[in-house]
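No hydrogens, no waters, no symmetry mates; every other heavy atom, side chains included, goes into these values.
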Amino acid sequence: MNKKKNRSLLCLMLAVLMLSLSACGANDDGADQEDNAEVLLPISINDKEIKVGETTLQTLLDEGFEVSWVDENYERITIDPSTQLEANSYYTGGSIKVSEGLSFMISLATDEEVPLGQAVIARLEATLATETDKSILEKIAFDGVPVTELTQEKAAEKYPDWTGNEVMWLHYGLEYKYDLNFDMSTGYLNKFAVERTYDVDWNG
């Protein structure tokens, strides 16, 4: 009788152990999926948050941003948000004016046939060295940090999984690409680009 009790107890302990291991495995898988998920880092201009891959051009126009475009004749024109775009296409040459000395270059992507204003911002790039007014730069932030405070050292601490050196800090994921460039003499950010990868026609 004691042998039967011991055997039953052993079986019960093994069953509990297997369930625990199974639960741990499920939790580990969930943690791995969360760790592998790419995080979208926002850009802010004058307190307006822009999320590459989500924010539409119309959102910027509604905020009063001046957006222009380079046409087929390489002339810069003010965009018409009602212009119809083709589905599954990628458009480059857009510009968001921040000041007389600073503009953000943008690219747009479309999944469906939509008006220009409804196209999603697929890439955002800024060369900060063209702006000398610090008060303007203080209103631009990368992932919540004003660009006037973002050094290579701080970026390396904030994003330890990225790679680079004293003049750049990069992350090229499956969906998002981040490219931060720093001034070698000061260590501060002087150029950055954020891009979401799309499987679309680049000749749009």
Side-chain angles (χ1 to χ4, degrees), residues 32-57 59-61 63 65-70 76 90-109 119-200 202:
D32 288 343
Q33 290 177 2
E34 186 175 343
D35 290 341
N36 291 332
E38 290 191 69
V39 178
L40 172 56
L41 305 179
I43 308 299
S44 296
I45 306 175
N46 298 339
D47 296 325
K48 176 58 185 176
E49 187 174 79
I50 301 173
K51 292 184 175 181
V52 173
E54 294 183 10
T55 302
T56 64
L57 183 61
T59 301
L60 301 182
L61 296 176
E63 290 293 325
F65 284 103
E66 181 181 327
V67 182
S68 59
W69 207 257
V70 175
R76 186 161 294 279
Y90 195 96
Y91 297 83
T92 61
S95 176
I96 306 171
K97 184 177 180 180
V98 179
S99 68
E100 290 300 326
L102 177 62
S103 294
F104 279 63
M105 303 305 296
I106 60 171
S107 298
L108 305 175
V120 173
I121 296 174
R123 190 174 191 278
L124 190 66
E125 178 183 332
T127 301
L128 306 173
T130 61
E131 179 55 68
T132 57
D133 189 339
K134 188 175 180 180
S135 64
I136 293 176
L137 295 176
E138 287 174 343
K139 297 179 180 179
I140 301 171
F142 180 89
D143 193 21
V145 180
V147 296
T148 53
E149 301 176 11
L150 189 55
T151 62
Q152 193 280 338
E153 183 178 358
K154 185 166 186 174
E157 293 176 356
K158 193 172 176 65
Y159 313 110
D161 295 333
W162 294 17
T163 59
N165 53 36
E166 66 274 10
V167 296
M168 64 180 66
W169 206 239
L170 315 172
H171 174 68
Y172 286 4
L174 296 176
E175 194 171 18
Y176 292 100
K177 295 181 180 179
Y178 300 96
D179 190 334
L180 308 182
N181 292 264
F182 301 87
D183 185 282
M184 183 177 291
S185 60
T186 65
Y188 282 92
L189 186 70
N190 63 8
K191 182 179 180 180
F192 68 86
V194 180
E195 179 178 358
R196 181 173 181 179
T197 303
Y198 284 87
D199 183 18
V200 294
W202 285 73

**Prompt:** Can a salt bridge be assigned to the pair R123 and E195 using a cut-off of 4.0 Å between side-chain N and carboxylate O?
**Reply:** yes
**Message:** Within the 4.5 Å heavy-atom criterion, are K48 and N46 side-chain neighbours or not?
**Reply:** no
**Prompt:** Aromatic rings F192 and F104: how do their planes relate, parallel, tilted or perpendicular, breaks at 30° and 60°?
**Reply:** perpendicular
**Item:** V145 and K158: CA distance, side-chain angles, deciding distance, side-chain contact (heavy atoms from CB on, under 4.5 Å) verdict
**Value:** CA-CA 10 Å; V145 180; K158 193 172 176 65; 3.9 Å; yes
**Request:** Before accepting this row, confirm whether a basic side-chain N of the pair K191/E125 lies closer than 4.0 Å to the acidic partner's carboxylate O.
**Result:** yes
**Prompt:** Nearest 0.5 Å, what's the OH-OH distance between Y172 and Y178?
**Reply:** 12.5 Å
**Request:** Measure across A155 and W169 and return the closest heavy-atom pair with its distance rounded to 0.1 Å.
**Result:** O-NE1, 3.5 Å
**Request:** With the side chain counted from C-beta on, respond yes when V70 and T92 share a heavy-atom pair under 4.5 Å apart, and no when they do not.
**Result:** no
**Asked** Taking atom OG1 of T148 and atom NZ of K139, what is their separation to the nearest 0.5 Å?
**Response** 12.0 Å
**Prompt:** Of Y90, Y198, W69, which meets side chain to side chain contact (heavy atoms under 4.5 Å, CB included) against L108?
**Reply:** W69
**Request:** Kindly compute the distance separating OG1 (T55) from CG (L57), expressed to the nearest 0.5 Å.
**Result:** 10.5 Å
**Request:** Nearest 0.5 Å please: distance from the OG atom of S95 over to the CE atom of M105.
**Result:** 5.0 Å
**Asked** What is the minimum heavy-atom distance between G101 and T130, and which atoms define it?
**Response** O-OG1, 2.7 Å
**Message:** Does any part of the side chain of V67, heavy atoms only, come nearer than 4.5 Å to the side chain of L61, both counted from C-beta?
**Reply:** yes
**Asked** Looking only at heavy atoms, which two atoms of P146 and E138 are closest? And how far apart?
**Response** CB-O, 4.1 Å
**Message:** Less than 4.5 Å apart, side chain to side chain, heavy atoms only: is that true for I50 and I121?
**Reply:** yes
**Prompt:** Side chains of L60 and I96: closer than 4.5 Å at any heavy-atom pair?
**Reply:** yes
**Message:** What I'd like to find out is whether the side chain of I43 reaches to under 4.5 Å of the side chain of V194, using heavy atoms alone.
**Reply:** yes
**Fill in**
So CD of E49 and CD of E54: to nearest 0.5 Å the spacing works out to 9.0 Å
**Request:** Determine, stepwise, if the pair L174 / T197 fulfils side-chain contact (heavy atoms from CB on, under 4.5 Å).
**Result:** CA-CA 8 Å; L174 296 176; T197 303; over 6 Å; no
**Prompt:** When you look at CD of E63, are more than 12 heavy atoms from neighbouring residues, nucleotides or ligands closer to it than 6.0 Å?
**Reply:** yes
**Message:** Show, in sequence, the C-alpha distance, side-chain angles and deciding distance for L137 and L102, and conclude whether the side-chain contact (heavy atoms from CB on, under 4.5 Å) test is met.
**Reply:** CA-CA 9 Å; L137 295 176; L102 177 62; 4.2 Å; yes
**Item:** Exercise: do T59 and T56 side chains pair donor with acceptor under 3.5 Å
**Value:** yes
**Asked** Looking only at heavy atoms, which two atoms of K97 and S103 are closest? And how far apart?
**Response** CA-OG, 3.7 Å
**Prompt:** Side chains of H171 and K177: closer than 4.5 Å at any heavy-atom pair?
**Reply:** no
**Asked** So, do T151 and Y188 sit near enough that their side-chain heavy atoms are less than 4.5 Å apart?
**Response** yes
**Item:** Rounded distance (nearest 0.5 Å) linking atom CD of E131 with atom OG of S99
**Value:** 3.5 Å
**Prompt:** Would you call the rings of W162 and F142 parallel, tilted or perpendicular, where under 30° means parallel and over 60° means perpendicular?
**Reply:** perpendicular
